[in-house]
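Following: one structure in structure tokens, then a few remarks.
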Amino acid sequence: MADETKKRVVVVGAGVIGASIAFELQRRGLQVTLVDKGEPGRGTSYGNMASIALDFVAGSGPSTWKKMPGWLLDPEGPVWLRPSYAAKMLPWFLRFLAAGRPSRLRAIEDAGMNLSQRALGDFREMLQAIGASELMTEEGCLAIYETEAEFAADRGHLAMMQRYGLEFEVLSNGAIQYYEPALSPSIAKAVLLPDNKSIRDPYQLVVKLADAAKAAGAAFVSGSVRNIERKGDGTAVVLLEDGSRIEADSVVLAAGVHTRFLAAKLGEPIPLETERGYHTQIMKPGISMRYSMIWPARAFMVTPTAGGIRVGGNVELAGLDAAPDFRRPRVLVRHAQRALPGLKVEEATDWMGHRPALPDTIPIISPSSKMPGVFYATGHGHLGLTYAATTARLIGDMVSGTKPPVDMTPFRIDRY
């Protein structure tokens, strides 16, 4: 039974961010109601690449600008823009270019790394708290480069990791196959990222978080949120599409890209777009992998997770409503087979999800600038899983009135 003496909080969105926040707030002694139109973990969090990636990369910048025309013209490149959506993307894309100015880029990297440097410790503590430490592997990730030119093109990223003190080891020739025998001998270089861990099943992680929150006293409501209003006494009212109402002292909006619709109704529109991502889950891959693998030049990952091997990544810009183009994951599988010659595609399923992306790559973790008691946790892009536990702690501090241990200025909602 809910404790009516506790501060009541509604968390909208039951993906990995929302479920993490619900668990964190409930264990801090608040009374949480988690709201989602579907079951926890069945949205975008279901199909992520299961990676705790500490090596934050700002999306924009001069190196990206140079590559973008070629990427957009390459039918098998890492970025696909559907012509029918190009005009709608233009305002977002102009903000994306502005975020890549050298004067802005360092501040974005500092903000992203402020979260990344906390992420692994926060994640381990969260897993321990829900009794699921075994969900995180102790293996790292291999970044691979087919040619010396590919490796040279990524030296800026390696320099950034050195600047922030991230550990890595450059591997060549036989050392690569020593770490991961399934990799092709044609791979010229690899970088071992020992602290970039993986999750054994990202969907089960969200289920366990939601279950842990419920076991601690949280409630779950299935429904779509239509709007949020505030009564004269300061209480927030969350209005659902079916006409039901949930009263709360605070509301946390963590509904991924769908958060933008609620933000607009509150009078604070945010440039939140969907970067559609694809994966292929292969249950009979014919190989085993010790490490997850990322190919930076082709912008995709291969991860042993969910009982098989998952191949996924890249970006498709086509909005929320366009039908999936499942030619895309097949391209990724072909690239993966180039790096992993023994990879078979048996008992495989394709999936598409919507990453919530902001033009400057860093999320919104912020109180509302318009309505007291409303908080945002959205726009994590490719790092929703990575930043889940840290975001939950920061939102927990904000909701409970504690000063967060991180400068939250870069993550405010009104920075645009």
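Counting heavy atoms from C-beta outward, Ile362 and Pro410 have side chains that approach closer than 4.5 Å. A heavy-atom distance below 4.5 Å is not found between the side chains of Glu169 and Pro194. Residues Glu39 and Asp36 form no side-chain contact, since every pair of their non-hydrogen atoms from C-beta on lies 4.5 Å or further apart. Between Ser198 and Met289 there is no side-chain heavy-atom pair separated by less than 4.5 Å. Side-chain contact between Tyr387 and Arg118 is absent, with no heavy-atom pair separated by less than 4.5 Å. The shortest side-chain heavy-atom distance between Val238 and Val35 does not fall under the 4.5 Å cut-off. A 4.5 Å side-chain heavy-atom check between Trp71 and Pro78 finds at least one atom pair inside the cut-off. When side chains are defined from C-beta on, Arg334 counts as touching Val331, because their heavy atoms get closer than 4.5 Å.
Take Arg276 and apply the salt bridge (Lys or Arg N to Asp or Glu O under 4.0 Å) test, not counting sequence neighbours, and it matches Glu316. Under the rule for a salt bridge (Lys or Arg N to Asp or Glu O under 4.0 Å), Arg95 has no partner lying at least two apart in sequence or in another chain. Applying the salt bridge (Lys or Arg N to Asp or Glu O under 4.0 Å) test to Arg415 and every residue at least two apart in sequence or in another chain returns Asp360. The side-chain hydrogen bond (donor to acceptor under 3.5 Å, both in side chains) test applied to Thr33 returns no partner, not counting sequence neighbours. Evaluation of the salt bridge (Lys or Arg N to Asp or Glu O under 4.0 Å) rule for Glu24 yields Arg27, Arg28 as partners, not counting sequence neighbours. For the side-chain hydrogen bond (donor to acceptor under 3.5 Å, both in side chains) test, residues two or more places apart in sequence or in another chain that qualify with Arg163 are Glu109. His380 meets the side-chain hydrogen bond (donor to acceptor under 3.5 Å, both in side chains) test with Thr391; sequence neighbours excluded. Not counting sequence neighbours, the partners of Glu148 by the side-chain hydrogen bond (donor to acceptor under 3.5 Å, both in side chains) test are Lys189.
Sequence neighbours left out, the pairs with a member in residues 88-116 that pass ring-ring contact (aromatic ring centres under 6.0 Å, His included) are Trp92-Phe96, Phe93-Phe96. Screening residues 201-219 for salt bridge (charged side-chain N to carboxylate O under 4.0 Å, His left out) gives no qualifying pairs among residues at least two apart or on separate chains. Within the structure, every pair that satisfies the ring-ring contact (aromatic ring centres under 6.0 Å, His included) test and touches residues 116-147, not counting sequence neighbours, is listed here: Tyr145-Phe151.
The shortest non-hydrogen separation linking Asp325 to Tyr278 is N-OH, 2.9 Å. When all heavy atoms of Ser60 and Thr361 are compared, the closest pair comes out as N-OG1, 4.4 Å. Considering every non-hydrogen atom in both Met398 and Pro367, the closest pair reads SD-CD, 3.9 Å. Between Ile21 and Ala377 the shortest heavy-atom distance is CD1-CB, 3.6 Å. Nearest heavy-atom pair across Leu105 and Ala58 is CD1-CB, 3.7 Å. Across His382 and Asn314, no two heavy atoms sit closer than the pair CE1-O, 4.5 Å.
With hydrogens and angles disregarded, a donor-acceptor distance shorter than 3.5 Å links the side chain of Thr44 to the backbone of His354. A distance-only check finds a donor-acceptor pair linking the side chain of Thr378 to the backbone of Gly256 [under 3.5 Å]. Listed for the Tyr291 side chain is no donor-acceptor partner under 3.5 Å among the backbone atoms of Leu193. A donor-acceptor distance shorter than 3.5 angstrom exists from the side chain of Thr305 to the backbone of Arg200, with no hydrogens or angles considered. With Thr64 contributing its side chain and Gly59 its backbone, the two residues share a donor-acceptor pair below 3.5 Å. The backbone N or O of Met283 sits nowhere less than 3.5 Å from a side-chain atom of Glu347 that would complete a donor-acceptor pair. In this structure a side-chain-to-backbone donor-acceptor pair under 3.5 Å is present from Lys265 to Arg226. Put simply, the side chain of Asn48 gets close to the backbone of Ser45: a donor and an acceptor are under 3.5 Å apart. Remark: side-chain polar atoms of Asn196 are not paired, donor with acceptor, to backbone N or O of Ala53 under 3.5 angstrom. Under the 3.5 Å distance criterion, the side-chain polar atoms of Glu275 are left unmatched by any main-chain donor or acceptor of Ala357.
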Can you list the steps and then say if Leu343 with Val302 is a side chain to side chain contact (heavy atoms under 4.5 Å, CB included)? CA-CA 11 Å; Leu343 179 63; Val302 184; 5.6 Å; no
Before you tell me yes or no, could you show the steps for Ile364 and Thr259 under side chain to side chain contact (heavy atoms under 4.5 Å, CB included), namely the whole-Å CA-CA distance, both residues' side-chain angles and the distance that decides it to 0.1 Å? CA-CA 11 Å; Ile364 292 171; Thr259 305; over 6 Å; no
Glu241/Lys37 under salt bridge (charged side-chain N to carboxylate O under 4.0 Å, His left out): CA gap, chis, key distance, verdict: CA-CA 10 Å; Glu241 292 289 356; Lys37 63 181 179 181; over 6 Å; no
Does the pair Trp295 and Glu150 meet the rule for a side-chain hydrogen bond (donor to acceptor under 3.5 Å, both in side chains), with working shown? CA-CA 10 Å; Trp295 194 337; Glu150 280 187 6; 2.9 Å; yes
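In this structure, a donor-acceptor pair under 3.5 Å is absent between the side chains of Gln31 and Arg8. A side-chain donor-acceptor contact under 3.5 Å links Ser184 and Ser186.
Rounded to the nearest 0.5 angstrom, Leu262 CG and Ser368 OG are separated by 11.5 Å. Annotation: the span from Glu273 atom CD to Met89 atom CE amounts to 5.0 Å, rounded to 0.5 Å. Note that OG of Ser20 and CG of Leu209 are 4.5 Å apart. Values are rounded to the nearest 0.5 Å. Taken to the nearest 0.5 Å, the CG atom of Asp350 stands 13.0 Å off from the CZ atom of Arg328. Rounded to the nearest 0.5 angstrom, Asp195 CG and Ser116 OG are separated by 11.5 Å. In this structure, Leu340 CG and Ile287 CD1 are separated by 4.5 Å, a value rounded to the nearest 0.5 Å.
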Under 3.5 Å, sequence neighbours excluded: what are the donor-acceptor pairs made by side chains of residues 400-409?
{"unit_1": "Ser400", "atom_1": "OG", "unit_2": "Gly396", "atom_2": "O", "d": "2.6"}
{"unit_1": "Ser400", "atom_1": "OG", "unit_2": "Asp397", "atom_2": "O", "d": "3.3"}
{"unit_1": "Ser400", "atom_1": "OG", "unit_2": "Thr402", "atom_2": "OG1", "d": "3.4"}
{"unit_1": "Asp407", "atom_1": "OD1", "unit_2": "Thr409", "atom_2": "N", "d": "3.1"}
{"unit_1": "Asp407", "atom_1": "OD1", "unit_2": "Thr409", "atom_2": "OG1", "d": "2.8"}

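The pair Glu138-Arg124 meets the salt-bridge criterion, since a charged nitrogen lies less than 4.0 angstrom from a carboxylate oxygen.
Classified by interplanar angle (parallel below 30°, tilted 30° to 60°, perpendicular above 60°), the ring pair Phe300/His335 is tilted.
Within a 6.0 Å sphere centred on CD of Glu167, other residues, nucleotides and ligands contribute 12 heavy atoms or fewer.
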